[in-house]
Number of protein chains: 2
Amino acid sequence: MTDKIGTPDIHEDLRRRLITGGFVPGQKLKPDELRGAYGCSINTVREVLLRLSSAGLVTFQDQRGFRARESSLRHQHELTQMRVLLEQEGVAISMRDGGLEWEAQLTAAHHKLSHIEARIAALGAVEPVLDTWCAAEWEFHETLISACGSDLMRQTYAAIYDQFRQQLVTRETNFGYYPNNVAEHLGIVEAALARDEALCRRRIHEHLARNLLPLDATAPMRKLA
Amino acid sequence: MTDKIGTPDIHEDLRRRLITGGFVPGQKLKPDELRGAYGCSINTVREVLLRLSSAGLVTFQDQRGFRARESSLRHQHELTQMRVLLEQEGVAISMRDGGLEWEAQLTAAHHKLSHIEARIAALGAVEPVLDTWCAAEWEFHETLISACGSDLMRQTYAAIYDQFRQQLVTRETNFGYYPNNVAEHLGIVEAALARDEALCRRRIHEHLARNLLPLDATAPMRKLA
DNA sequence: AAAAATATAAATCTTGAAATTTCGACCCGA
DNA sequence: TCGGGTCGAAATTTCAAGATTTATATTTTT
């Protein structure tokens, strides 16, 4: 799609701050203030924000500047819906086309993730290993669909996932982690390796549907704090 | 997502030129040249191109400027795949949630489209009513998924459709129009109104799969010229 | 003659300031 | 007290020029 901007640090750094809850939702993002932290001009910040806005992390209104995205329940629902759709389709194709290499990468990603989640269970808290866990969770889900053969699908999924993560981390929900993760991730891997598409689709839906809670009362409650 | 830019005309006009084949794929888009046509500054053009690049219509490389998107067969395949996925899911939800109002809008959109396509058949050429047909075709497909209740899904579909249209119009393929359109559009509407989800999904796939030709030899050949 | 190196030209990116628009406080009249 | 209007400050957008990078043409070397 597009490469990095002239000052890669700004783009990466702002993106990170946005998805890790560095800004409160709805907060105004003034190029003139952000400029100082990076020692660059207003216009450069402006370009970066313009890009982040098209990635969905930032909202933009003409003559009214940029804001950190505010998430309504409806938007979070739509986000989850899209994520389920893309992940189900991506994994289905991967199960069909993926070979031994994909299976190996998947088991590797799951191994790392489950190991980290075991540590979380032992510690009783996510915070100490939050960054590690976030990276592992992303790598796991990305690997699931990595053999789908479509860059477009993977890029679209990545954009959705970023917004998704932004919402999760922003809330006081123990950062989106909940104990059932361990069992559910394993279940997904098993179904994928067994090439049981229907089962895999169902388990992905169950795994992600917790976030549908507000609009889908049949889904199980997410663990809060 | 994002609103218009300060000079709406440039954004809309460049977008139009891109999806109607006003630039040859891969062509360099130099802000300094485009500036003249709109009487504005380089930076303004730059911002517009930056946005179009995130919409997928333009590619951007750091320090190497902008280009009109080049479509590989692979990319076109991925585009079609995503379009099928989104349209199938969108119409399925619309069939479930859409009421009388949706049915009315759908039949209206189809009526307009079929009327225009009848004229095309009579004339034996698309060009005279190309713009009208393009708009009607878009409105038909957009209406199909309009009751899905997800702005995110509709926006994502719109972005895919734009790229899709860009590829179609660029080629010398009679602008993507082919006679089977008439029957296929009707078949989709009938299945949708009958709330036959499986049939509707299948017909949408068949309708769009012609563009999968290069990578899916089982799909019927697109009519050329 | 082909390849590498250099010099020149062109295009891109960044910057700071001017022009335009929005936001908020204050004042006035009802 | 409330609604509307005016004014000033702040923020956003546009602009043109300077700095940096890339592309092209020419020369040099093997």
Side-chain angles (χ1 to χ4, degrees), chain A residues 1-18 22-72 166, chain B residues 1-18 22-70 72 155 166:
Chain A
M1 193 178 299
T2 65
D3 267 304
K4 290 178 191 170
I5 199 169
T7 320
D9 306 324
I10 306 180
H11 187 274
E12 245 337 287
D13 197 59
L14 272 184
R15 179 174 164 279
R16 163 178 289 273
R17 284 179 68 183
L18 281 166
F23 299 102
V24 305
Q27 175 182 354
K28 232 167 168 321
L29 301 174
K30 304 179 191 174
D32 198 16
E33 293 179 359
L34 272 48
R35 176 179 66 87
Y38 304 103
C40 69
S41 150
I42 290 180
N43 264 350
T44 305
V45 179
R46 195 180 151 73
E47 279 199 4
V48 172
L49 288 175
L50 213 46
R51 293 173 163 239
L52 291 170
S53 83
S54 63
L57 292 173
V58 162
T59 63
F60 171 74
Q61 258 192 315
D62 192 47
Q63 297 284 21
R64 229 161 280 188
F66 303 89
R67 290 177 178 278
R69 160 137 237 151
E70 255 177 318
S71 73
S72 62
Q166 179 188 27
Chain B
M1 193 177 297
T2 64
D3 267 303
K4 290 178 193 168
I5 200 169
T7 320
D9 305 323
I10 305 179
H11 187 275
E12 242 342 282
D13 197 60
L14 272 184
R15 178 174 164 279
R16 165 176 290 272
R17 285 179 67 182
L18 280 164
F23 298 103
V24 306
Q27 175 181 354
K28 237 169 163 318
L29 302 174
K30 304 179 192 175
D32 198 16
E33 291 179 0
L34 273 48
R35 178 179 64 88
Y38 303 103
C40 68
S41 148
I42 290 181
N43 263 356
T44 305
V45 179
R46 196 182 150 74
E47 278 199 6
V48 170
L49 288 175
L50 212 47
R51 291 173 166 242
L52 291 170
S53 82
S54 63
L57 293 173
V58 161
T59 62
F60 171 73
Q61 258 192 313
D62 190 48
Q63 298 285 16
R64 229 160 280 188
F66 304 88
R67 288 176 179 279
R69 161 139 234 151
E70 255 177 317
S72 62
Q155 285 164 8
Q166 178 188 26

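In the text below, chain A, chain B and the rest are named by the order of the sequence lines, each starting its count at 1.
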At less than 3.5 Å, do the side-chain atoms of B:Asn43 and the base atoms of C:dT15 form a donor-acceptor pair? yes

What nucleotide, of C:dT22, D:dC15, C:dT15, holds the atom closest to the side chain of B:Cys40? D:dC15

Could you tell me the separation between the OH atom of B:Tyr38 and the C1' atom of D:dT14, rounded to a whole number of Å? 18 Å

When you match A:Ser41 and A:Arg64 each to their closest nucleotide on DNA chain C, which lands nearer the 5' end? A:Ser41

Looking only at heavy atoms, what is the nearest atom pair of A:Cys40 and A:Thr44, with distance? SG-CB, 4.0 Å

With A:Arg64 via side-chain contact (heavy atoms from CB on, under 4.5 Å) - residues at least two apart: A:Gln61

If we fit an axis to the first five pairs and another to the last five of the helix from C:dA1-D:dT30 to C:dA30-D:dT1, what angle do they make, to the nearest 10°? 10°

Pairs where residues 24-34 of chain B contributes a residue and the test side-chain hydrogen bond (donor to acceptor under 3.5 Å, both in side chains) is met, not counting sequence neighbours: B:Asp32-B:Arg35

Round to a whole Å and report the spacing from CG of B:Asp62 to P of C:dT14. 7 Å

Using whole Å, what does the distance between atom C1' of nucleotide D:dT14 and atom CD1 of B:Ile10 come to? 11 Å

To the nearest angstrom, the CZ-P distance between A:Arg46 and C:dT20 comes to 16 Å

d(CZ, B:Phe66; C1', D:dT21) in whole Å: 15 Å

Does the side-chain contact (heavy atoms from CB on, under 4.5 Å) test come out yes or no for A:Asn43 and A:Arg46, once each step is laid out? CA-CA 5 Å; A:Asn43 264 350; A:Arg46 195 180 151 73; 3.7 Å; yes

Would you sort out whether A:Tyr38 and A:Asp13 count as a side-chain contact (heavy atoms from CB on, under 4.5 Å), showing the intermediate values? CA-CA 10 Å; A:Tyr38 304 103; A:Asp13 197 59; 2.6 Å; yes

Between atom CG in B:Leu50 and atom C1' in C:dT14, what is the gap in whole Å? 14 Å

Let me know the distance between CD1 of A:Ile42 and C1' of C:dA17, rounded to the nearest Å. 10 Å

Can you check whether B:Thr59 reaches B:Glu70 side chain to side chain, under 4.5 Å on heavy atoms? no

Under 4.5 Å between any side-chain heavy atoms of B:Val58 and B:Arg51, yes or no? no

Starting at CD of B:Glu47 and ending at P of C:dT15, how long is that distance when rounded to a whole Å? 15 Å

Indicate yes or no: at least one non-hydrogen side-chain atom of A:Leu14 is less than 4.5 angstrom from one of A:Phe23. yes

Look at the side-chain N and O atoms of A:Thr44 and state whether any lies under 4.0 Å from the OP1 or OP2 oxygen of C:dT15. yes

Residues in side chain to side chain donor-acceptor pair (under 3.5 Å) with A:Arg67, at least two apart? none

DNA chain C contacts among residues 27-35 of chain A, heavy-atom distance under 4.0 Å: none

